[in-house]
Participant: 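I am attaching a structure below and will ask some questions about it afterwards.
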Amino acid sequence: MLDYHLHLWPHSERETPLRIEQLAAYCARAQEAGVAELALTEHLFRFRQADALLGGFWDDERVPAALAESMARYWRFHATADLDAYVRCAQEAKAAGLPVVIGLEVDYYEGRMDRVADLLAGYPFDVLLGSVHWVGSWRFDDLDDPVSLAEWSTRQVDASWDAYTEAMEELAASSACDVLAHPDLIKVAGHVPDAPGEWWDRIAEAAAASGMAAEVSSAGWRKPIGEQYPSAGLLERFVARGVPLTTASDAHRLEHVADRADDLRAVLDAVGAAELQGYRARVPHPVAVAPAVTGGIGASG
Ligand SMILES: [Zn+2]
Ligand SMILES: [Zn+2]
């Protein structure tokens, strides 16, 4: 079992301390849940290097002013840490024998993924997650931001799923990342089309064509949608197309590390998935889904 999606800092915190003790605590908690390896995957947009490269991407005449201003505020709040220091800290954790690999959660930036890939090529990453958290400059999953949240009442659900899926297709085709994170994140607020099959088909097809893996994440259980990412229908499509899988908590704090690992095992069991995919230096290798730990912290009771 893996926890291949972990953050060091909650979105509400601007301070970005880097301590190897925090990583050791993450590893200890994961081990209790039978999770053997962790990937540190902080958001690329938390780093000043991303700001230098991508800052201002929302300055586009197609973006409504309120969304552009919201994105600018969000970006300014987040893009303060140093990517070199982050990578160094992860390398130290590895050298100390902690079962971690070095990664990032990389967002999709329309028309800019070549530049993103060039920046990331200079670092010793093991795995890169590809995510879509916004379409245009609408942060559809930022349910704490009134401007972003209000968009859900003015947009059609089908059109939102369509725009999200198009971004996922372009992200997959860019070959910039290894794993599609929370592949049906667009359902986060609870809005799902009556017949989501056509969008599930497109997302699964995009993953299969790109050779990327797909993440199975417990984070959706902590959101209004109240189910894992991806939905069973999308997970079945991934498996049918031979798309490799990772497992993840998307924790932003210690208490969520390896969250509901046993429930994720049950989700994998239901589709007959006995193998996950790990990464070293962005080269994949198979990892067994180990049996559940009785009474572990991931137990659902
Ligand atoms: Zn994410
Ligand atoms: Zn994340």
Side-chain angles (χ1 to χ4, degrees), residues 2-13 16 22-23 26 30 35 38-47 50 54 71 74-75 77-79 81 83 86 90 100-109 113 116 120 125-135 137-145 148 160 163-165 167-168 170-172 174 176-189 203 206-207 212-225 227-231 234 245-261 264 279:
L2 303 168
D3 191 343
Y4 254 38
H5 190 150
L6 292 161
H7 298 276
L8 306 183
W9 311 306
H11 283 291
S12 57
E13 289 180 14
T16 51
Q22 181 186 6
L23 306 183
Y26 275 24
V35 172
L38 293 74
L40 307 173
T41 59
E42 195 44 80
H43 291 288
L44 173 60
F45 64 74
R46 301 251 18 180
F47 299 101
L54 300 160
M71 182 62 94
Y74 184 82
W75 189 272
F77 182 86
H78 282 88
L83 185 57
Y86 166 79
V100 298
V101 298
I102 309 174
L104 271 187
E105 179 171 13
V106 180
D107 276 288
Y108 173 60
Y109 298 92
M113 293 313 285
V116 170
L120 301 183
F125 290 117
D126 290 304
V127 62
L128 295 173
L129 308 184
S131 300
V132 173
H133 288 109
W134 48 75
V135 294
S137 287
W138 174 35
R139 298 196 313 283
F140 60 83
D141 74 329
D142 190 350
L143 308 182
D144 297 323
D145 175 48
S148 303
S160 299
Y164 171 84
T165 301
M168 288 285 277
E170 291 170 7
L171 168 63
S174 77
C177 301
D178 307 304
V179 182
L180 284 170
H182 37 59
D184 54 354
L185 180 65
I186 189 68
K187 73 184 177 184
V188 60
I203 294 168
M212 292 176 79
E215 172 187 280
V216 183
S217 167
S218 59
W221 279 310
R222 306 193 298 269
K223 301 291 183 181
I225 186 66
E227 68 166 21
Q228 83 285 343
Y229 306 111
S231 296
L234 177 53
L245 303 172
T246 67
T247 44
S249 68
D250 204 349
H252 283 71
R253 56 181 80 243
L254 177 61
E255 70 196 82
H256 289 145
V257 172
D259 191 28
R260 300 185 67 161
L264 288 181
Y279 290 85

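Atoms within a ligand are numbered from 1 in the order they appear, just like the ligands themselves. Since the model is a prediction, treat every value here as computed from it, not as a measurement.
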Participant: Would you say the side-chain atoms of Glu215 pair up with the backbone N or O of His182, donor to acceptor, closer than 3.5 Å?
Facilitator: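 At least one qualifying donor-acceptor pair exists.
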Participant: Restricting to under 2.8 Å, identify the protein N, O or S atoms around the Zn ion (ligand 1) as residue plus atom.
Facilitator: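 Protein N, O or S atoms closer than 2.8 Å to the Zn ion (ligand 1): Glu105 OE2, His133 NE2, His182 NE2.
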Participant: Can you tell me if Tyr164 uses its side chain to pair, donor with acceptor, with the backbone of Leu185 under 3.5 Å?
Facilitator: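 Looks like yes, one N/O pair under 3.5 Å.
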Participant: Whether the side chain of Tyr4 engages the backbone of Tyr279 through a donor-acceptor N/O pair (distance < 3.5 Å, no angle test) should be reported.
Facilitator: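 Between the backbone of Tyr279 and the side chain of Tyr4 there is a qualifying donor-acceptor contact (under 3.5 Å).
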Participant: Checking Glu13 now: which residues fulfil side-chain contact (heavy atoms from CB on, under 4.5 Å) with it, not counting sequence neighbours?
Facilitator: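 Glu13 satisfies side-chain contact (heavy atoms from CB on, under 4.5 Å) with Pro10 only.
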Participant: Can you name the ring-ring contact (aromatic ring centres under 6.0 Å, His included) partners of His7, sequence neighbours left out?
Facilitator: His5, His43, His252
Participant: Sequence neighbours excluded, which residues qualify as ring-ring contact (aromatic ring centres under 6.0 Å, His included) partners of Tyr86?
Facilitator: Phe47
